[in-house]
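Counting begins at 1 with the first residue of the sequence.
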Amino acid sequence: ELVERAEAIQDSTDWGPTARAYRDLMAEWKAAGRAPREVDDQLWAKFRAAQDRFFDARNAVNDERDREFAENAKAKDSLIAEYDGQIDPSKGIEGAKAKLRELQEKWEEIGFVPRNQIREYESKIEQLEKRVTQAEAEAESKRLQGEGVAAQRKAIALGIALGHFYPQLGESLKPLGDAFIKLVKMIIAPVIFLTIVTGIAGMADIGRVGQVAAKAFAYFLTFSTLALIVGMIIGNLDREMRAFLSRAIPVMIPFFAFA
């Protein structure tokens with residue numbers, strides 16, 4: 001019976017399930033015990049022949065597939081060499097993205113590579129993809145930064161113009177400024193606390209905590225003192241300096257607004 005079952009599936013091309021079926025048949029063969037030697041040898045020869053026929057066919061298919069996959073790997077190497085210089089974000093993000101899409105489409109069309117090289121080839125194309133995504137992220141960051149600087153300059157220009165030409169209106173907006181300062185003060189303490197906690201938690205050498213704390217305290221004293229000095233100087237400007245500023249303000253407004 002086992003021999004008949006083995007011969008019935010010897011021409012199957014359903015490789016995975018059939019291989020498992022042969023393993024199960026082998027387990028049953030061992031559990032069935034031995035027949036008389038002459039009969040047992042004949043039955044084993046038939047069983048082994050059916051098994052070898054199936055696995056030889058499977059190995060032939062696998063070998064052909066491996067040769068095909070090896071050729072695919074060579075084709076992908078050629079593709080990487082061709083597009084490596086063309087995917088250059090420094091010459092234009094959109095052009096680099098277009099070339100990357102071309103590469104990805106051709107990459108998929110080529111097909112699989114040998115199993116032991118899958119990660120290697122995934123890494124090769126990921127490097128080119130990262131080149132484009134990082135450049136795109138940097139460009140977006142610069143754009144947003146530029147927009148932020150422009151908005152700040154316009155806000156400064158608007159504040160200067162409002163205080164110079166409409167001082168009463170500027171004074172009436174003082175509650176808004178006070179509210180903003182209070183909001184800033186509210187978040188300063190949590191930000192400092194969380195920064196210190198995460199910094200200490202991320203230190204490999206806990207002995208450096210004292211050094212970092214001392215440096216932070218020194219920086220705090222230095223820049224706080226400088227801020228006080230600058231504030232005192234500005235707060236005690238004489239009339240001539242104030243008159244100079246009143247003449248300079250109209251000139252400064254267009255610079256901040258359109259620079």
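By the side chain to side chain donor-acceptor pair (under 3.5 Å) test, Glu102 pairs with Tyr83, sequence neighbours left out.
Scanning all heavy atoms of the two residues, the minimum distance from Ala73 to Gln117 falls at CB-OE1, 4.3 Å. Of all heavy-atom pairs between Glu7 and Gln10, the closest is O-CG, 3.1 Å. In terms of heavy atoms, Ile125 sits closest to Gln104 at CD1-CG, 4.3 Å. Nearest heavy-atom pair, Pro89 versus Ala135, reported as atom, atom and distance to 0.1 Å: CB-CB, 3.3 Å. The two residues Ile87 and Lys99 make their nearest non-hydrogen contact at CG1-CB, 3.8 Å. Nearest heavy-atom pair across Asn72 and Gly111 is ND2-C, 3.9 Å.
Taking a cutoff of 4.0 Å between a charged side-chain nitrogen and a carboxylate oxygen, Arg65 and Glu68 do not qualify as a salt bridge. With respect to Glu138 and Lys142, no salt bridge is recorded, no charged nitrogen being found less than 4.0 Å from a carboxylate O. A salt bridge does not link Glu109 with Lys106: every distance from a Lys NZ or Arg NE/NH1/NH2 to an Asp or Glu carboxylate oxygen is 4.0 Å or more.
In the hydrophobic cluster analysis, where Ile, Leu, Val, Met, Phe, Trp and Tyr join through side-chain heavy atoms closer than 4.5 angstrom, Trp107 is grouped together with Ile118. Residues Val184 and Val191 fall into different hydrophobic clusters, defined by Ile, Leu, Val, Met, Phe, Trp and Tyr side chains chained together at heavy-atom separations under 4.5 Å. In the hydrophobic clustering of this structure, Phe180 groups with Ile188; members are Ile, Leu, Val, Met, Phe, Trp, Tyr whose side-chain heavy atoms approach within less than 4.5 Å, directly or through other members.
Judged by distance alone, with hydrogens and angles left aside, the side-chain atoms of Arg131 form a donor-acceptor pair with the main-chain N or O of Asp84 at under 3.5 Å. Panel note: side chain Thr225, backbone Leu221; a donor-acceptor pair is recorded below 3.5 Å. Between the side chain of Thr133 and the backbone N or O of Lys130 there is at least one donor-acceptor pair closer than 3.5 Å.
Using a 30° and 60° split on the angle between ring planes, Trp44 and Phe47 fall in the parallel class, below 30°.
The ring-ring contact (aromatic ring centres under 6.0 Å, His included) pairs that include a residue from residues 7-26 are Trp15-Phe54, Tyr22-Phe54, Tyr22-Phe55, where partners are two or more places apart or lie in different chains.
In this structure, the separation between CG on Asp14 and CZ on Arg20 is 8.0 Å, given to the nearest 0.5 Å. To the nearest 0.5 angstrom, Lys124 atom NZ is 14.5 Å from Glu129 atom CD.
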